[in-house]
Number of protein chains: 2
Amino acid sequence: MSASPQPHETHELGLAQPITLADIAREAGTSPSTASRALSGRGYVSPAARDRLLAVADRLGYVPNASARTLKRRSSRVIGVVVSDLGNQFYARLAAGIEQTLREADYQMMVLGDNSEGDEELDGARTFLAMRAPGVIMTPVSSDAGELLRSQGVAVVEVDRRLTEGCDAVVIDNEAGARAATEHLLSLGHTRIALLGVDTEWTTDAGRLAGYRAALAAARLPADDRLIVRIPVHVDADERIEALLRDERPTAIFAANNQLAERAWRLIRRRGLHLPGDLSLVAFDDVPWMQMVDPGLTVVEQPTLELGRCAAKLLLQRLESPSLPPAVECLQPHLLVRGSTAMLVR
Amino acid sequence: MSASPQPHETHELGLAQPITLADIAREAGTSPSTASRALSGRGYVSPAARDRLLAVADRLGYVPNASARTLKRRSSRVIGVVVSDLGNQFYARLAAGIEQTLREADYQMMVLGDNSEGDEELDGARTFLAMRAPGVIMTPVSSDAGELLRSQGVAVVEVDRRLTEGCDAVVIDNEAGARAATEHLLSLGHTRIALLGVDTEWTTDAGRLAGYRAALAAARLPADDRLIVRIPVHVDADERIEALLRDERPTAIFAANNQLAERAWRLIRRRGLHLPGDLSLVAFDDVPWMQMVDPGLTVVEQPTLELGRCAAKLLLQRLESPSLPPAVECLQPHLLVRGSTAMLVR
DNA sequence: CAAAGGTGTGAGATCGTTACCACACTACCG
DNA sequence: CGGTAGTGTGGTAACGATCTCACACCTTTG
């Protein structure tokens, strides 16, 4: 083996170091300045020189060094996105919507997940600060991250939840959605309606709780605190839900997000209860499985993709005109009745 | 309004420009070099100076400029990930696994979706090249992107599919999984077993087809080409599946991925057919809804999270020792029998 | 014919960080 | 006491792209 002559492998041996603007300029017989103007499309270049430079760049497979560009321009084309949990289809879809719109405007998206943890969110903010992202979209956990970013001149849009006063935001009309869900249950004759929610100060949960209460109040029904189950973030919901199903079981449950709905659904099934005969169930947020199970879940459907798109649009707008007054968009959810809710029979 | 005196808002007016190393150095009375050594933790610094610098940095909220660092070091801490479709829970989970492992090693992950399009994949590669990502993990569509990256000295790991010879890769034993699924159906007495797969040259589909064929061959059954339905990428599968369900319906279907399984499942239901009475169904890849529907789907479960983790580990290893021979890891799937498959009754 | 204006180019400084190198200082050894 | 070794520091030149400026060349016009 060592005796066999080594074949020429000139193009393989070195980790061919990247082509730079200077290389292009040299090859095309211009200065780096001109090359920069031609390839970035800013400033005067004669058509002849431009074509020549473009051709050379193409031939050599030139890829501009993003770090150098960002360093010089003091701003990158990467928009940061921080969501609670990428594994949750709601957030995944949200991110997809954001990506769509950003891509059209020729921005990149970088997604990070905090786990609904203020610390991780702050880390994320610092990451984007370090990358000189011009803007960040997030489902905020605490307002620290947003404030840090904004203090450094980074545009911030809050999506789904609204935490920081004076910040652009896109939200769902949670109260209306929750009211619709609750009214639907009331109209079916239910009076013992449980609310399954997350125990936070977030506008989502607060809004959904408010909508639930409003519907009950409008029906002149007292809200029974034992039926309002609020589970802290990061706490396993199963125990609380089981207790709810065991003791003085309500005739209907309104689950305020897709995860709680899934937990509830599984426990209902495990207990051998039947939807909607033994119990009615409504979920806030529609995800694919809810349509596939039998009976399908009645849900408050959110325009999730649109939520993301809208947030991205708002961000782009803010980047263009930083001095505009803060905008808050509110999208309407709507009730989609499937088979998991039915008339109360006694 | 215009008459009211403007209050001092010194800290609000300017988009407070970021703190730099030089600022820290000046404040702490050292040179930038020393500050750099202290804050990046490379090279000699006296404990006294280090503490002082760290304190100042902390006080001023210093965030290192990632672009400058990347430019100088000629390599960033961002690992690129390109997957086919982030909306698909399989890829989402894969990315989650990758992220977990990378985070532990203090790398960031940037995910991009090509839509199983070679062009978009190549764009992604160029993006990561521009960002000077030291490594990229991808579910390859064509080998162009990987080759481009590797030619520039970027470490590449292929995951799920294997396309490029001499490239690190982590895959599932598709053939074994498909064989297990098919043998399971055969053992239930099925002989007219359809295969629903994607029409590509990818190792996933090729392996699953091979496993299917191998099982049939071992049972001395001829493979009926009309039962092998291979749908090109980006083509709607519904028509082909409907045709399959209509004409000379097979008694069992093996769907080679979660999406085809979902399409098939929906069409089976729409047609009013019952699982497993009228038809048995097995899916390759287990996703949540398959356990929630009734009957639950029999599946070939893949260690998806582990697949991602393993790919990330391989990449980290490669970054550490670039000259190691290429490694290919193969993980085992396993059959999980639920209710969608049953003994054939005639 | 001088002045004014457009067109196209290149020199050179700069963005913020790092790394190489030289240097200064102390300490210890033969 | 000269010499080697270890500590700790700062000067300076990069990394690659951009951008301001000055300048050179053409027209056009009062």
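First the proteins, then the strands, lettered A, B, ... as listed; each starts at 1.
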Is any side-chain N or O of B:Ser36 closer than 4.0 Å to OP1 or OP2 of C:dT18? yes

Using a strict 4.0 Å threshold on nitrogen-to-oxygen distance, state whether A:Glu158 and A:Arg162 make a salt bridge. no

Pairs under 3.5 angstrom, nitrogen or oxygen only, protein versus nucleotides 22-26 of chain D, please.
none

Using nucleotides 23-26 of chain C, report all nitrogen or oxygen pairs with the protein that are shorter than 3.5 Å.
none

Could you work out how much the helix from C:dC1-D:dG30 to C:dG30-D:dC1 bends, comparing the axis of its first five pairs with that of its last five, to 10°? 60°

Please step through salt bridge (charged side-chain N to carboxylate O under 4.0 Å, His left out) for the pair A:Arg150 and A:Glu147, ending with a clear verdict. CA-CA 5 Å; A:Arg150 278 147 53 88; A:Glu147 272 163 21; over 6 Å; no

Rounded off to whole Å, could you give me the CG-to-P distance for the B:Leu53 and C:dT18 pair? 13 Å

Using a 4.0 Å heavy-atom cut-off across all strands, classify A:Thr20 as base, sugar-phosphate, or nothing. sugar-phosphate

Nearest whole angstrom, please: distance from the C1' of C:dT7 to the CZ of A:Arg42. 20 Å

Name of the residue among A:Leu163, A:Val81, A:Val156, A:Val159 meeting side-chain contact (heavy atoms from CB on, under 4.5 Å) with A:Met138: A:Val156

Specify the residues of residues 68-75 of chain B, ordered by number, for which at least one heavy atom lies under 4.0 angstrom from an atom of DNA chain C. B:Ala68, B:Arg69, B:Lys72, B:Arg73

Restricting to nitrogen or oxygen on both sides, can you table the protein-nucleotides 8-12 of chain D pairs closer than 3.5 Å?
unit_1	atom_1	unit_2	atom_2	d
D:dT9	OP1	B:Ser46	OG	3.0
D:dT9	OP2	B:Ser46	N	2.8
D:dT9	OP2	B:Ser46	OG	3.3
D:dG10	OP2	B:Ser31	N	3.0
D:dG10	OP2	B:Ser31	OG	3.3
D:dG10	OP2	B:Thr34	OG1	2.8
D:dG10	N7	B:Arg37	NH2	2.8
D:dG11	N7	B:Ser33	OG	3.3
D:dG11	O6	B:Ser33	OG	3.0

Looking only at atom types and distance, does a side-chain atom of B:Glu121 sit under 3.5 Å from a main-chain N or O of B:Val141, one as donor and one as acceptor? yes

Take the protein atom CZ of A:Arg132 and the nucleotide atom C1' of C:dC15, then report the distance between them rounded to whole Å. 10 Å

When the side chains of residues 38-51 of chain B are checked against the rest of the protein, which donor-acceptor pairs come out under 3.5 Å, sequence neighbours left out?
unit_1	atom_1	unit_2	atom_2	d
B:Ser40	OG	B:Ser36	O	2.7
B:Ser46	OG	B:Ala49	N	3.2

Can B:Arg59 and B:Glu27 be counted as an ion pair, charged N to O under 4.0 angstrom? yes

To the nearest Å, how far apart are B:Leu39 CG and C:dA19 C1'? 16 Å

